[in-house]
Amino acid sequence: MEKMPVITRFAPSPTGYVHVGNVRTAFFNQLLAEHAGGRFILRSEDTDQERSKAEYLEALVEDLHWLGLRWDEGPDCGGPHGPYKQSERGELYSQYYDRLLESGDAYLCYCSDRELKLSRKVQLSAGRPPRYSGTCRELSAQERAEREAQGREPTLRFRVSAGEPVVFEDLVRGSQSFAREDIGDFVIRRADGSAAFFFGNAIDDSLMQVSHVLRGEDHVANTPRQILLLQALGLRAPVYGHFSLMVGDDGAPLSKRHGASSLRELRQAGYLPGAILNHFLRLGHKAANDDWLELEQMAAEFHTNALGRAPARYDMDQLGHWQKEALMRLSAHELASWLDDGDRNRVPNEQLDAFLELVKPNLMFPVDIKVWVDVLFGELPVPGETEQQWLDNAGAEFFTAASEAASQATSGETPSVKAITDAVKAATGAKGKQLFMPLRVALTGRTDGPGLQDIVSLMNPATVEKRLKKLAAGQAES
RNA sequence: GCUCCCUUCGUCUAGUGGUUAGGACUCUGGCCUCUCACGCCGGCAACAGGGGUUCGAAUCCCCUAGGGAGCGCCA
């Protein structure tokens, strides 16, 4: 057997913002291609005219690019097997419909939606698996004409005749076998003329020379249909692999109530691409270790036999861990992009890098940085109850000593925290936490944060003095 | 209802007949320290249950329970 190049694809329907489960599918397919030095294709399955929207495809391309995914062929960048939107591939499909119709592998089906639903219901309540009953399977020319006369719009249905089970080797689940009786005839062209999933998806994979289809296990049962279809047409079928789905933290299928379920939401919440990628690599895929990996390293160690068959829970705590890892790897320049224009202007240029390095360990998301800009370069936040307690307990005498010590620094010089604490200690006898905490609260309005001296060093000396003076004796307390 | 798949700490997972069942996240104790975070060192915590097979089973077989998927003119 000649060695085929590895070509993978991601084939979403642009009916909304791309879901995290699909993002993982896209990611795995890119890794598989990259691992083998192959190609990765993006194909838009927008045959559902009602729900598919061009803006969602644009959003998907943008979000996936933001994540760091790249494809060699796609609706946004073209390629040798286009078009890459199924809505534009109708003409390509028609010859295949004709062939199937001629060979008898497909037939026109005039059953209405209502009739089919009813049939399913009847079979289900009789304890039988719902299958197409075969009403239109052997229609004579006259019977067809009668139905046409009634104005019925036919679908094209693929015929699954009795015979040997359909077997295939699944990349992650091993050998699979499906009895033909369990498959049932399925629709390949809708009444409105558009391609049904089974058809467009399978045909395009073959026409685009896709070699490996990695998808969620919800597609396992579709695979024998697609193989049968491609066989009937004499087209080459790709190798299929089905990994387990992601589930929510409660083990139930992922839905909106599990928090951020679209990539866009994750992005808007401030999660970093590397965090998401590192997390996803380990969801349903065993990684060699728990270390941070760059995209190239992930591709190097990605293997289909490392994919799991048990559902993996999507756990935000774990994502949070990778977010911290990603954050610590951010350069000062990258971190600066977390500041909006207003905040950026409040931080003096020469202090910027030092400021970012200082607050970095206390951050998780972009919104977290704003409060530190306020503390160091803006207005003091209003103290909360516990903060006020520290101030009250310390008393005016404490701050009188503190502000005097601070003002003794020559104008424009950074006040020394040690000089201030020494003075306060001498005046009030306070020590340890009782000494530092009131000072911290007075200067930052908070009980947490980076080292006091580091904070003071970045602040305007006048601000330091002002904040202390405000609490000193003789200053009217509201 | 029928078919298929799955089940190791709370979570992600290592493990393919002989391990003190390992790592990571969470939680937690300590160190560092003015505080929080970071960092470092520890701790709690699992083979779903029951039967076999075997000298020996998380690993192999069967049953039960629980979970997931499919059975669309949705993809």
Side-chain angles (χ1 to χ4, degrees), chain A residues 11-13 15 22 45-48 50-52 86 109 111-113 116-117 120 123-132 153-157 170 173-174 176-179 181-184 186-198 200-201 215-223 242 244-247 249 251-253 279 281-291 306 308-322 324 327-328 359-364 368 390 417 421 431-441 444 446-453:
Chain A
S13 281
T15 56
N22 286 129
E45 306 222 328
D46 53 355
T47 56
D48 185 336
E50 292 281 302
R51 301 196 299 143
S52 299
Q86 287 191 328
C109 172
C111 296
S112 72
D113 201 34
L116 294 170
K117 275 199 179 110
R120 266 195 294 278
Q123 293 181 74
L124 225 36
S125 57
R128 300 280 317 152
R131 301 269 181 280
Y132 177 60
E153 298 276 329
T155 61
L156 189 61
R157 207 175 264 278
D170 190 293
R173 322 178 116 211
Q176 304 286 303
S177 175
F178 290 82
E181 309 77 76
D182 288 344
I183 297 175
F186 53 94
V187 171
I188 56 176
R189 186 183 64 203
R190 303 188 189 103
D192 67 4
S194 62
F197 166 77
F198 296 113
N201 185 263
R215 44 169 36 171
E217 72 167 348
D218 47 335
H219 288 291
V220 178
N222 296 333
T223 307
H242 299 89
S244 60
L245 267 16
M246 272 206 264
V247 293
D249 52 12
H279 181 47
L281 180 74
R282 293 165 173 87
L283 270 185
H285 178 269
K286 42 191 102 156
N289 56 53
D290 299 308
D291 299 337
R309 269 144 293 186
R313 297 186 187 214
Y314 176 57
D315 176 19
M316 296 307 272
D317 277 342
Q318 223 110 199
L319 216 207
H321 163 71
W322 293 112
K324 281 183 195 153
L327 173 60
M328 293 315 281
V359 299
K360 199 175 183 178
N362 286 71
L363 305 177
M364 180 90 164
D368 300 335
W390 280 108
V417 171
T421 52
K431 56 184 180 180
K433 212 168 175 176
Q434 304 303 321
L435 176 57
F436 277 87
M437 199 47 99
L439 205 52
R440 168 176 291 281
V441 173
T444 69
R446 308 173 58 98
T447 56
D448 64 351
L452 244 197
Q453 180 64 62

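Within every chain, numbering begins at 1; the chains are lettered A, B, ... in the order of the sequence lines, protein sequences first and strands thereafter. If you're wondering where the values come from, they're calculated on a predicted model, not measured in any experiment.
Rounding to whole angstrom units, CG of residue A/Asp249 and P of B/U11 are separated by 11 Å. The CG atom of A/Asp317 sits 11 Å away from the P atom of B/C25 (whole-angstrom rounding).
Nucleotides B/A46 and B/U7 have their C1' atoms positioned 12 Å apart, rounded to a whole Å.
A/Arg128 pairs by the salt bridge (charged side-chain N to carboxylate O under 4.0 Å, His left out) definition with nothing, not counting sequence neighbours. The side chain to side chain donor-acceptor pair (under 3.5 Å) check on A/Gln176 picks up nothing, with sequence neighbours excluded. Applying the side chain to side chain donor-acceptor pair (under 3.5 Å) test to A/Ser194 and every residue at least two apart in sequence or in another chain returns A/Arg190, A/Asp192. Legend: residues meeting salt bridge (charged side-chain N to carboxylate O under 4.0 Å, His left out) with A/Asp315, ordered by chain and number and at least two apart, are absent. A search for ring pair (Phe, Tyr, Trp, His ring centres under 6.0 Å) contacts involving A/Phe186 returns A/Phe158, A/Phe198, not counting sequence neighbours. Legend: residues meeting side chain to side chain contact (heavy atoms under 4.5 Å, CB included) with A/Ala310, ordered by chain and number and at least two apart, are absent. By the ring pair (Phe, Tyr, Trp, His ring centres under 6.0 Å) test, A/His219 is found to be paired with A/Phe197, residues two or more places apart in sequence or in another chain being considered. Every residue two or more places apart in sequence or in another chain was checked for a salt bridge (charged side-chain N to carboxylate O under 4.0 Å, His left out) with A/Asp291, and none qualifies. With sequence neighbours excluded, the residues that form a salt bridge (charged side-chain N to carboxylate O under 4.0 Å, His left out) with A/Arg446 are A/Asp448.
Judged by Watson-Crick or G-U wobble contacts below 3.5 Å, the nucleotide B/U19 has no partner. Nucleotide B/A65: paired with B/U7 (Watson-Crick or G-U wobble, both distances less than 3.5 Å).
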Counting primed atoms, P, OP1 and OP2 as sugar-phosphate and everything else as base, the B/S/- map of nucleotides 66-75 of chain B against protein heavy atoms under 4.0 Å is -SSSSBSBSB

A correct 5'-to-3' footprint of nucleotides 59-65 of chain B, with B, S and - meaning base, sugar-phosphate only and no protein heavy atom under 4.0 Å, is -------

The contact string for nucleotides 27-49 of chain B, one letter per nucleotide 5' to 3', using protein heavy atoms under 4.0 Å with B, S and - for base, sugar-phosphate only and none, comes out as -------BBBBS-----------

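The two atoms that bring A/Lys433 and A/Trp390 nearest to each other are O-CZ3, 4.0 Å, heavy atoms only.
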